[in-house]
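Shown next, in structure tokens, is the structure this report addresses.
Starting from 1, each residue takes its place in the sequence as its number.
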Amino acid sequence: MTSVRTALVIGGGIAGPVTAMALGRAGIEATVHEAYPSAAEGSGVTLTMAPNGLAALRWVDAERAVEEVGLPMRRTVVTDGRGGRIGAFPHVAVEPVTLGLWRDDLARVLRERAEAQGVRIVYDKRLVDAEQRADGVFARFADGSTASADVLIGADGIRSRVRTLIDPQAPGPQVLPLLNLGGAARYAVPDADPEAMYFVFGSRAFFGYWVQPDGRTAWFANVPDHRPTSYAEASQIPRSQWLHRLREVFADDVPARQVLAHTEPDDLVAIGSIESMPSVPRWHDGRMALVGDAVHAPSPSSGQGASLAVESAVQLARCLRDHPDVPAAFDAYERLRRGRVEKVLRRGRQTTSTKTVGPVAKRMMRLMMPLALRTFLDPERMLGPEQRYRIDWDAPVATELAAGRS
């Protein structure tokens, strides 16, 4: 049985509330400290929650709440910028199905579920430093306040402060040569399948979308750009300017041209360059550990960022539940997770690279896609092991480690 009774969770996005709920189920009282002054800050745009992530949410009693704000996505349709179909494929035949979500809806629902379960979430608490002591961790925040607990969990995103406290030499995120923008158009793409995600390899950039029941189209765009642009920098550029640029980039592509014509500046978010994490050498130190994007942020192209974060939150709680020694618990957690998440990181980088292919490669893709979908791009073969992964909360962690499952 664990000797841990209290935890500080740094970060109130997606991984933080789930970590706190999972710790609560393990008998550990967790308080979430969020750097932003309110719940609405830094929300982002669209994402997907894969079946494995939804299954993990079941263990913290949040699956149903998330399903209520998501749309089931049962297939993907790939087209070119002229509207020609390149290919289509069903998603992995597993329940629950992949959901399309707005990130702010997902974060809001997870915070609400956490608070309903008694988790305390405090805002405007940007971590500055943390000192490890024999009996716990003492944290200092930018507003001058302090807090202490038995352990500290860094769920503070891709620019994690906790990661640098654990290892000052830890790598930062890798910038990929694509800008990531998204939004909602007050327009429904005609004849769109309501349970399909659409991927469009346009003449100059990549465009993705799905149509919502409210008549809007949720969309995202990945535009090649080798100049690194942070979220802060992207936010300083007027949204109308971003929209003007996108309308130029997709001027010859359908349905991107029409979708962007019906998008208002206030409905657009510019996230900046796509980023992912390389392999992080140290996941934990003493009484501090990392979870979610702080330690394994894949490219958004993987479709697994939120799902992996949820899985890791639940697995971390199981390990603390089963090990009275904190370093041993964190070591078990890393052993359970590292192999699995790094496979997804590699796949995400490979998928992102396809979004920058030139016109010749696109023509080849159109010719080869039907054959590829029957062979090496078969969804079950590619994604089945990822999406069929299930956590057994009740099983002893030692049994899972002995079986070598990841």
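Under a 3.5 Å cut-off, the side chain of Asp322 and the backbone N or O of Val397 do form a donor-acceptor pair. A donor-acceptor pair under 3.5 Å links the side-chain atoms of Arg25 to the main chain of Trp59, judged by distance alone. Of the possible polar contacts, one joining the His91 side chain to the Met73 backbone as a donor-acceptor pair under 3.5 Å is found. A donor-acceptor distance shorter than 3.5 angstrom exists from the side chain of Asp150 to the backbone of Thr6, with no hydrogens or angles considered. Between the side chain of Ser240 and the main chain of Pro265, no donor-acceptor pair closer than 3.5 Å is present. The closest donor-acceptor contact from the side chain of Asp285 to the backbone of Met288 lies at 3.5 Å or more, if one exists at all. When atom types are taken as modelled, the side chain of Glu233 and the backbone of Ser230 share a donor-acceptor pair closer than 3.5 angstrom. Side-chain N or O atoms of Asp253 include none that pairs as donor or acceptor with a backbone N or O of Ala256 at under 3.5 Å. Looking at Gln117, its side chain never comes within 3.5 Å of a backbone N or O of Ala20 through a donor-acceptor pair. For the pair Tyr187 (side chain) and Gly215 (backbone), a donor-acceptor distance under 3.5 Å is absent.
The aromatic ring centroids of Tyr198 and Trp210 lie 6.0 Å or more from each other. Aromatic ring centroids of Phe141 and His33 lie under 6.0 Å apart.
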Please assess Glu380 against Arg388 for the test salt bridge (Lys or Arg N to Asp or Glu O under 4.0 Å), listing each intermediate value before the final yes or no.
CA-CA 10 Å; Glu380 183 64 49; Arg388 293 182 184 280; 3.0 Å; yes

Given Asp167 and Gln169, is the side chain to side chain donor-acceptor pair (under 3.5 Å) satisfied, shown in steps?
CA-CA 5 Å; Asp167 179 8; Gln169 304 304 315; 5.9 Å; no

Salt bridge (Lys or Arg N to Asp or Glu O under 4.0 Å) assessment of Glu275 paired with Arg159
CA-CA 10 Å; Glu275 297 176 316; Arg159 287 178 174 76; 2.6 Å; yes

Run the numbers on Tyr36 and Tyr123 for ring pair (Phe, Tyr, Trp, His ring centres under 6.0 Å), then give the verdict.
CA-CA 6 Å; Tyr36 286 105; Tyr123 296 92; 9.8 Å; no

Test side chain to side chain contact (heavy atoms under 4.5 Å, CB included) on Tyr209 and Val189 and set out the steps.
CA-CA 9 Å; Tyr209 70 93; Val189 176; 3.7 Å; yes

Verify side chain to side chain contact (heavy atoms under 4.5 Å, CB included) between Val32 and Val119, making sure each step is shown before the conclusion.
CA-CA 8 Å; Val32 176; Val119 173; 4.0 Å; yes

Worked verdict on Leu23 versus Leu320 for side chain to side chain contact (heavy atoms under 4.5 Å, CB included)
CA-CA 8 Å; Leu23 290 172; Leu320 283 169; 3.7 Å; yes

Report the C-alpha separation of Val45 and Arg103 in whole Å, then their side-chain angles, then the decisive distance to 0.1 Å, and conclude whether the side chain to side chain contact (heavy atoms under 4.5 Å, CB included) test is met.
CA-CA 5 Å; Val45 283; Arg103 188 185 188 281; over 6 Å; no

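Among all heavy-atom pairs drawn from Ala313 and Ala22, the shortest one is O-CB, 3.8 Å. Taking both residues in full, the closest heavy atoms of Gly53 and Val310 are given as O-CG1, 3.7 Å, listed atom of the first, atom of the second, then distance. The two residues Arg245 and Pro224 make their nearest non-hydrogen contact at NH2-O, 4.3 Å. Considering all non-hydrogen atoms of both residues, Leu110 and Ala62 come closest at CD2-CB, 4.1 Å. Closest approach of Ala184 to Thr263, counting heavy atoms only: O-CG2, 3.8 Å. Counting all heavy atoms, side chain and backbone alike, Asn222 lies closest to Ala205 at O-CB, 3.4 Å.
Using a 4.5 Å cut-off on side-chain heavy atoms (C-beta onward), Arg347 and Gln304 make contact. You'll find the side chain of Arg75 stays beyond 4.5 Å of the side chain of Phe89, heavy atoms only. Two residues are said to be in side-chain contact when any heavy atoms from C-beta on lie closer than 4.5 Å; Thr98 and Pro51 meet this criterion. Side-chain contact check for His296 versus Trp283: some heavy-atom pair is nearer than 4.5 Å. Put simply, the side chain of Arg186 reaches to within 4.5 Å of the side chain of Glu264, judged on heavy atoms. Contact annotation: the side chain of Val69 approaches that of Leu101 to within less than 4.5 Å [non-hydrogen atoms, C-beta and beyond]. Between Arg74 and Pro90, the closest side-chain pair of non-hydrogen atoms is not below 4.5 Å. Within the 4.5 Å cutoff, no side-chain heavy atoms of Val200 are placed close to those of Val254.
A salt bridge links Arg140 with Glu131; the closest basic N to acidic carboxylate O contact falls under 4.0 Å. Of the charged side-chain nitrogens involved, at least one lies within less than 4.0 Å of a carboxylate oxygen, so that Glu112 and Arg108 count as a salt-bridged pair. Look at Glu342 and Arg338 and you find a salt bridge, because one of the NZ, NE, NH1 or NH2 atoms lies within 4.0 Å of a carboxylate O, short of that distance. Asp156 has no carboxylate O lying under 4.0 Å from a charged side-chain N of Arg163, or vice versa, which leaves the two without a salt bridge.
In this structure, Thr217 OG1 and Gln258 CD are separated by 10.5 Å, a value rounded to the nearest 0.5 Å. With rounding to the nearest 0.5 angstrom, the CG atom of Leu54 is 10.0 Å from the CD atom of Gln387. Remark: Asp225 CG to Ser273 OG distance equals 6.5 Å, nearest 0.5 Å. To the nearest 0.5 Å, the span separating CD1 on Ile121 from CD on Glu34 amounts to 9.0 Å. In this structure, Ser312 OG and Arg340 CZ are separated by 9.0 Å, a value rounded to the nearest 0.5 Å. To the nearest 0.5 angstrom, Arg239 atom CZ is 7.0 Å from Leu268 atom CG.
Other residues, nucleotides and ligands place no more than 12 heavy atoms under 6.0 Å from the CG atom of Asp191. The neighbour count for Glu29 CD, taken as heavy atoms of other residues, nucleotides or ligands under 6.0 Å away, does not exceed 12. Heavy atoms from other residues, nucleotides or ligands lying under 6.0 Å from CZ of Arg120 number 12 at most.
Between Glu311 and the choices Arg58, Arg337, Arg318, the salt bridge (charged side-chain N to carboxylate O under 4.0 Å, His left out) rule is met once, by Arg337.
Applying the ring pair (Phe, Tyr, Trp, His ring centres under 6.0 Å) criterion to Phe207, with sequence neighbours excluded, gives Trp219, Phe250.
Cation-pi contact between Arg133 and Phe138: present, with separation from the ring centre below 6.0 Å and deviation from the ring axis of at most 45°.
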